[in-house]
Amino acid sequence: MMELLQELFRVKEKGSSLRTEMLASATSFFSIVYIVAVNALFLSQAGMDYNSVVIATILTTAVSNILMGLYANSPLILAPGMSDNAFFTYILVDAFAFTWQQSLSIIFIVGLLFFLLTHFNVVDQLLRSIPVTLIKGMSAGVGFFLIFLGLKNGGIIVSSEGTIVALNNIFQPVPLTLLATLLVGLILFVKNVKGNFLLTIIFGVLISIALGVTDISSFSYSFIDLGSLEPFVFQLDFSGVLLMDYWVAVFSLLILVVFQNLGTQVSFLTSEQPKVLKRTLKSNALSVMLAGLLGCSSTCTSAEGATGIAVGGRSGLTSFMVGVYFLFTIALIPFIALIPLAVISALLIIVGSLLAANNLKGINFDDFTEYFPAILMVLMMVLTFNIADGIGWGFILYTFIKVFSGDRQAVSKMMYGLTGIFILYFVLKFI
């Protein structure tokens, strides 16, 4: 069996070992398993059945990572993204007023378009045409978006008529749970404790129980009755396909999916791995299509997967085993349901900080025409609560400032085209 895995994933050729790959897969799994609970929490706010989303999330993540391992032989981890499930609930369902079934059809179409763009090398051309500053700005913006999301969902930041947002009473149970969990998570993280995210969740749940945020008085373990789940597979509704808003939504999500994954994968890949970029992006695109079919929000290259890569994961065995581990989480669903959003929010703040910091340093802060569009891109992602809007601002401002500063050669033909597309995107959005 060991020899088969060595040969199938070319582990030694990738500069790794079976032991290292197994450790990397366990690390990545423990870092990302929380997504099962948080994704269900987000999508249940969109009217979907909590337990059905849990199963859909598990199946989507499991199959996606097995595909990444076998097809791309890459340690990158695929899972529903925090910005993706927020986009599903707050943009597609709340802002655009689509049903969750219509939103699933949008996800499927976006996955198909993503696959076609990758297959015909359009994504490769994007990678060569988009300035590094904007790519890093996009990833940093997602990081700040996650931090803001964590502070908001954890009850630290609340709405305010006078100042838009304000600091909440942090001694209430929910924000206190977040702060206590965050402190535990920070200690475990800076001490480099293995499985620190999983341990943070466990401690966080205990804290939430002590503070009364999680009620375990009626808890009893029982394996989920799969037959009692609401239908969630193949529930796509294409009835809105003739509406302008439908295609504006498709375009918005496509921009998010393509650029957040492109930026994340490029930042994670080593000197050898860009050779498999097309395969990793295709796996990503097929994963998004699968998410729509199975009743899940769109997937992305998980930032938490960096934990497995950091401990030495180099081959597809890492992602393959993560997929296998996820299949076994079905037995843990009753425990996963105990995890409150405040605990997950603490992880979002840590992960968002890592993503923001790792990418901010890739921005050229010595050139105003480089860092100004990137900074506005980051800020607008957070303030508009919309990643696609923020990206649009960054692209338009970059092209504008480069042209009028006399540095036209810095703007490629594709950048001009993308700028025009984003201008059209905003025109259509506000007509």
Side-chain angles (χ1 to χ4, degrees), residues 81-83 86-87 91 123 125-152 157 163-165 251-268 300 303 349 351-430:
M82 293 306 305
S83 53
F87 191 96
I91 305 301
V123 174
Q125 296 174 36
L126 286 174
L127 185 60
R128 291 192 297 268
S129 303
I130 299 172
V132 173
T133 289
L134 291 184
I135 291 177
K136 295 299 183 180
M138 285 186 281
S139 296
V142 172
F144 281 109
F145 182 87
L146 293 182
I147 294 171
F148 183 74
L149 197 62
L151 293 171
K152 172 183 174 293
I157 298 297
T163 59
I164 303 177
V165 293
F251 178 73
S252 302
L253 183 57
L254 180 64
I255 292 296
L256 167 64
V257 167
V258 170
F259 287 109
Q260 78 172 356
N261 285 292
L262 188 60
T264 305
Q265 291 197 16
V266 169
S267 65
F268 284 176
C300 70
I349 294 171
V351 171
S353 299
L354 291 171
L355 191 58
N358 289 337
N359 287 281
L360 279 176
K361 58 189 177 185
I363 298 173
N364 182 4
F365 285 105
D366 294 324
D367 185 343
F368 179 82
T369 65
E370 292 284 322
Y371 69 74
F372 180 78
I375 289 176
L376 264 292
M377 176 191 289
V378 171
L379 191 61
M380 291 302 290
M381 282 188 190
V382 176
L383 296 183
T384 64
F385 210 69
N386 187 311
I387 290 175
D389 284 354
I391 292 174
W393 270 76
F395 273 64
I396 293 171
L397 285 173
Y398 185 90
T399 300
F400 177 87
I401 200 169
K402 285 294 184 180
V403 168
F404 286 95
S405 68
D407 191 14
R408 290 182 176 84
Q409 67 272 15
V411 184
S412 65
K413 292 181 180 179
M414 183 164 285
M415 272 296 296
Y416 282 116
L418 288 170
T419 300
I421 289 173
F422 275 115
I423 291 173
L424 177 62
Y425 160 73
F426 285 120
V427 169
L428 293 175
K429 184 173 183 176
F430 295 110

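Values below: all heavy atoms of this structure, side chains included; hydrogens, waters and symmetry mates excluded. Given the structure is predicted, the values throughout are model-derived calculations rather than measurements.
For the atom pair Asn358 CG and Lys136 NZ, the distance stands at 8.5 Å (nearest 0.5 Å). The distance from the CZ atom of Phe148 to the CD1 atom of Ile157 is 7.0 Å, given to the nearest 0.5 Å. Rounding to the nearest 0.5 Å gives a distance of 9.0 Å between CD1 of Ile147 and CG of Leu354. Ile363 CD1 to Ile135 CD1: the interatomic distance, rounded to the nearest 0.5 Å, is 11.5 Å.
Listed by first and then second residue, the side chain to side chain donor-acceptor pair (under 3.5 Å) pairs involving residues 390-399 are Glu370-Tyr398, Thr399-Thr419 (not counting sequence neighbours). Legend: salt bridge (Lys or Arg N to Asp or Glu O under 4.0 Å) pairs involving residues 380-394, not counting sequence neighbours, sorted by first then second residue: Asp389-Lys429.
Between Leu360 and Phe144, the closest side-chain pair of non-hydrogen atoms falls below 4.5 Å. Contact of the Thr133 side chain with the Phe372 side chain is not registered, since no non-hydrogen atoms from C-beta on lie closer than 4.5 Å. Taking the side chain as every heavy atom from C-beta outward, Phe395 and Ile421 never approach each other to under 4.5 Å.
Using a 30° and 60° split on the angle between ring planes, Phe368 and Tyr371 fall in the perpendicular class, above 60°.
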So Ile396 and Phe426, side-chain contact (heavy atoms from CB on, under 4.5 Å) or not? Walk me through it.
CA-CA 11 Å; Ile396 293 171; Phe426 285 120; 3.8 Å; yes
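The minimum heavy-atom distance between Gly390 and Thr384, with the atom names listed, is N-OG1, 4.4 Å. In terms of heavy atoms, Met377 sits closest to Gly137 at SD-C, 3.6 Å. When all heavy atoms of Phe145 and Val382 are compared, the pair lying nearest together is N-CG2, 4.0 Å. Across all non-hydrogen atoms, the minimal contact from Ile401 to Pro373 is CG2-CG, 4.0 Å. Scanning both residues, Cys300 and Gly81, for their nearest heavy atoms gives SG-CA, 3.5 Å.
Residues forming a side-chain hydrogen bond (donor to acceptor under 3.5 Å, both in side chains) with Asp407 (at least two apart in sequence, or on another chain): Lys402, Gln409.
More than 12 heavy-atom neighbours from other residues, nucleotides or ligands sit within 6.0 angstrom of OH on Tyr416.
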